[in-house]
A.B. asks: 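Can you read through this structure? Questions will come right after.
Worth saying up front: this structure is predicted, and the values here are computed from it rather than measured. Here is how names work: the chains are called A, B, and so on, in the same order as the sequence lines, proteins then strands, and each is numbered from 1.
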Amino acid sequence: MIESTRIAAYLYTTLANDATLAPLIHGVAEGVADPGTPTPYVVFFQQASTDTTSQNGYRLLTQEPWMVEVVGTADDFATLQAASDRIDTLLGLVKQAPGNDGMSLTLVRDHPTSRIEVTDGIKYLRIGGQYRVTIH
Amino acid sequence: MGVTITFNHFPALLARLEQDVPKILDEYAVKVREEAQREMPRRTGSAADGLYAVTPLRNEYAQAASKAKSDNPDVEIVPQVDVPSGGIAIAGAAAHTAAVELGSVNMAPRPSLVPALEHHKADILDALAKVLDHD
């Protein structure tokens with residue numbers, strides 16, 4: 001079973017279906033938004049993945065840092081701040097009981113992130129956090 | 001009436017830490033930088049070759065910036081990151097390193113630095129713990 005797909009599904013479902021976050025953004029995407037998506041929007045992506053196995057090779061758990069950030073133009077700071085705060089509320093500390101596939105998941109924020117990107121002459125802000133997901 | 005014997009190992013422990021920890025962190029900074037360079041996507045190679053480590057024992061910035069410029073004369077080189085005294089940093093001299101690692105509005109991220117660090121994290125902690133276990 002590939003844990004990354006479960007994590008991606010959890011993140012997308014949680015972020016896309018939140019009634020507080022939805023009015024603030026124009027969508028949620030993994031990796032990169034579809035061309036033409038207006039800002040602000042949320043992107044998330046896996047940064048790494050590490051299995052912890054027993055001495056006889058049985059997989060005990062998997063840890064994956066994921067980046068989740070809201071992307072928008074610099075003049076929309078208030079919306080970006082509200083959206084990133086809501087993301088942190090949703091993901092800052094999560095303990096999910098086993099689902100139908102038997103996997104349980106926890107998320108803890110490793111650290112907040114904030115960076116500026118200038119592309120095609122437009123200044124974007126990307127605000128969010130790196131979240132450590134443990135799934136087993 | 002009794003006998004009191006006092007041991008104080010802290011000075012010896014501190015001396016071992018001051019001697020061994022910089023070497024360990026330097027060794028693993030290079031390993032992480034090397035692995036990230038192997039894994040980073042390449043076109044001209046300026047982002048990957050522009051990766052550098054700064055530790056108390058080395059500073060690779062000048063060499064990395066020069067190599068990145070050699071790979072791609074049009075690449076924008078950014079200043080060396082600020083590193084606190086005694087600190088460690090692994091960074092990119094090429095301005096577009098962040099976009100390669102973290103993505104942009106036009107490009108999906110292709111991480112290599114974070115996976116390299118995660119891959120070595122357990123070994124780093126083990127090596128540091130062994131300093132404290134030394135008899």
A.B. asks: Around atom CG of B:L125, are there more than 12 heavy atoms of other residues, nucleotides or ligands at under 6.0 Å?
C.D. replies: yes

A.B. asks: For the hydrophobic clusters of this structure (ILVMFWY residues joined by side-chain heavy atoms under 4.5 Å, transitively), does one cluster hold both A:I122 and B:M107?
C.D. replies: no

A.B. asks: Can you tell me how far apart NE2 (B:H120) and OG1 (A:T50) are? Round to the nearest 0.5 Å.
C.D. replies: 11.0 Å

A.B. asks: Counting only heavy atoms not in B:E34, do more than 12 fall under 6.0 Å of its CD?
C.D. replies: yes

A.B. asks: Give the minimum heavy-atom separation between B:P115 and A:A48, together with the two atoms involved.
C.D. replies: CA-CB, 3.6 Å

A.B. asks: Other residues, nucleotides and ligands only: do more than 12 of their heavy atoms fall within 6.0 Å of CZ on B:R110?
C.D. replies: no

A.B. asks: Quick check: are there more than 12 heavy atoms from other residues, nucleotides or ligands sitting under 6.0 Å from CG of B:D82?
C.D. replies: no

A.B. asks: Report yes or no: do B:L25 and B:L132 belong to one cluster of Ile/Leu/Val/Met/Phe/Trp/Tyr joined by side chain heavy-atom distances under 4.5 Å?
C.D. replies: yes

A.B. asks: How far does CD of A:Q47 sit from OG of B:S112, to the nearest 0.5 angstrom?
C.D. replies: 11.0 Å

A.B. asks: Compare every heavy atom of B:P109 with every heavy atom of A:G31, then report the nearest pair and how far apart it is.
C.D. replies: O-CD, 3.3 Å

A.B. asks: Using non-hydrogen atoms and a 4.5 Å limit, figure out which bit of B:L102 sits close to chain A: side chain, backbone, both or neither.
C.D. replies: both

A.B. asks: Provide the closest heavy-atom pair for A:V32 versus B:S104 in the form atom of the first, atom of the second, distance.
C.D. replies: CG2-O, 3.9 Å

A.B. asks: For the atom pair CD (A:Q63) and CD (B:E118), what is the distance rounded to the nearest 0.5 Å?
C.D. replies: 7.5 Å

A.B. asks: Where on A:Q46 is there a heavy atom nearer than 4.5 Å to chain B: the side chain, the backbone, both, or neither?
C.D. replies: backbone

